[in-house]
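Quick notes on the structure that follows.
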Amino acid sequence: MCAESPKATTCRPWYPSARRPAFGIALSETILDFGEPLFSQLDAALPLDAVQSIFKIVIMVWNPHVMSMPRWGQPRFLTDLNERMHDPQIPPEMVDAMRTLSQRRLERFANDGRAVGEWSLVTEAGEWRLRCDARVPNDH
């Protein structure tokens with residue numbers, strides 16, 4: 001099982017024949033760290049659905065980078081993300097957020113090959129908690 005984090009996150013891990021996350025840190029905690037540039041701007045009074053929208057952006061950037069890694073061999077998802085960042089219909093603030101996260105991924109998380117599977121954001125005791133499934137390729 002994933003350990004509870006001091007940031008109040010939990011995770012339902014998905015690792016073949018493993019009980020601990022491969023990187024020693026629960027993916028839910030890694031996603032919180034990765035998305036910190038966006039999460040740090042959140043107003044504590046935001047409703048859950050608004051916070052979930054921010055998590056969708058964070059995961060929308062995380063997963064294509066993971067899938068483009070050689071162990072996954074699916075670079076088309078990163079190509080799609082890059083095309084989205086050049087779409088004139090996407091608000092500039094969203095493009096900036098996606099670029100910031102993409103750069104952060106390359107600088108700090110480039111070797112993390114765990115994809116976010118199913119995830120949810122729930123409130124417990126007045127705080128939100130990220131629950132997520134970490135996915136790795138079958139051969140790892």
Side-chain angles (χ1 to χ4, degrees):
M1 295 184 80
C2 292
E4 297 239 346
S5 111
K7 295 182 181 179
T9 64
T10 59
C11 178
R12 296 173 304 187
W14 181 89
Y15 291 98
S17 70
R19 289 186 171 257
R20 297 179 145 211
F23 290 85
I25 298 173
L27 182 57
S28 56
E29 290 184 46
T30 300
I31 293 299
L32 287 176
D33 186 8
F34 171 66
E36 193 276 332
L38 300 185
F39 300 141
S40 66
Q41 298 176 30
L42 291 178
D43 181 340
L46 281 176
L48 183 61
D49 61 335
V51 176
Q52 286 175 322
S53 294
I54 301 300
F55 272 89
K56 285 179 186 176
I57 294 168
V58 170
I59 293 167
M60 176 186 70
V61 173
W62 177 270
N63 276 347
H65 283 275
V66 170
M67 301 307 283
S68 72
M69 296 175 79
R71 68 183 72 156
W72 285 95
Q74 298 183 35
R76 72 181 182 281
F77 294 109
L78 189 56
T79 300
D80 291 346
L81 176 65
N82 287 326
E83 288 174 3
R84 200 176 287 163
M85 286 192 289
H86 290 93
D87 183 341
Q89 295 181 340
I90 302 292
E93 300 83 14
M94 174 92 151
V95 172
D96 289 344
M98 292 180 350
R99 284 189 179 136
T100 297
L101 290 173
S102 289
Q103 186 63 39
R104 187 170 174 84
R105 168 76 193 178
L106 294 172
E107 291 172 358
R108 298 189 57 189
F109 304 96
N111 295 322
D112 194 328
R114 300 173 293 170
V116 176
E118 292 184 36
W119 66 276
S120 64
L121 197 60
V122 297
T123 54
E124 293 179 7
E127 294 184 305
W128 51 263
R129 293 176 161 262
L130 173 63
R131 294 184 177 159
C132 67
D133 292 332
R135 305 293 169 111
V136 295
N138 289 334
D139 61 344
H140 287 83

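- In this structure, the side chains of Glu93 and Asp96 stay at 4.5 Å or more apart for every pair of heavy atoms.
- Considering every non-hydrogen atom in both Ser28 and Cys132, the closest pair reads N-SG, 3.6 Å.
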Note to self: Test side chain to side chain contact (heavy atoms under 4.5 Å, CB included) on Phe109 and Arg104; report intermediate values, then the result.
What the structure shows: CA-CA 7 Å; Phe109 304 96; Arg104 187 170 174 84; 4.1 Å; yes
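- The CG atom of Leu81 lies 10.5 Å from the NE2 atom of His86; values are rounded to the nearest 0.5 Å.
- Atom CE of Met98 sits about 6.0 Å away from atom CD1 of Ile90, to the nearest 0.5 Å.
- Between Ile59 atom CD1 and Leu27 atom CG the span is 8.0 Å, to the nearest 0.5 Å.
- One finds the CG atom of Asp33 at 10.0 Å from the CZ atom of Phe39 (value rounded to the nearest 0.5 Å).
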| query | Is there a salt bridge (Lys or Arg N to Asp or Glu O under 4.0 Å) between Asp133 and Arg114 once you walk through the steps? | reply | CA-CA 9 Å; Asp133 292 332; Arg114 300 173 293 170; over 6 Å; no
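- In this structure, Val122 is not a member of the same hydrophobic cluster as Val51, with clusters built from ILVMFWY side-chain heavy atoms closer than 4.5 Å.
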Go through the steps for Met94 and Ile57 under the test side chain to side chain contact (heavy atoms under 4.5 Å, CB included), then give the verdict. CA-CA 8 Å; Met94 174 92 151; Ile57 294 168; 3.6 Å; yes
(message) What verdict does the side chain to side chain contact (heavy atoms under 4.5 Å, CB included) test give for Glu29 and Leu32, after you've listed the backbone C-alpha separation in whole Å, the side-chain angles of each residue and the deciding distance to 0.1 Å?
(response) CA-CA 5 Å; Glu29 290 184 46; Leu32 287 176; 5.5 Å; no
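- To the nearest 0.5 Å, atom CD of residue Glu36 and atom CG of residue Leu38 are 9.0 Å apart.
- Distance CG/Asp80 to CZ/Arg76: 8.0 Å, rounded to 0.5 Å.
- Trp72 places no side-chain N or O within 3.5 Å of a backbone atom of Pro137 that could act as its donor or acceptor partner.
- The shortest non-hydrogen separation linking Trp119 to Leu130 is CE3-CD1, 3.9 Å.
- Among residues two or more places apart in sequence or in another chain, the side-chain hydrogen bond (donor to acceptor under 3.5 Å, both in side chains) test is passed with Gln103 by Glu107.
- Annotation for Pro64 and Val61: closest pair CD-O, 3.4 Å, computed over non-hydrogen atoms.
- Using a cut-off of 4.0 Å between Lys/Arg side-chain N and Asp/Glu carboxylate O, Asp112 and Arg105 are scored as not salt-bridged.
- Residue pairs that meet the side chain to side chain donor-acceptor pair (under 3.5 Å) test with at least one member in residues 58-69, sequence neighbours left out, are His65-Ser102.
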Leu78 vs Met67, side chain to side chain contact (heavy atoms under 4.5 Å, CB included): CA-CA, chis, key distance, verdict:
CA-CA 7 Å; Leu78 189 56; Met67 301 307 283; over 6 Å; no
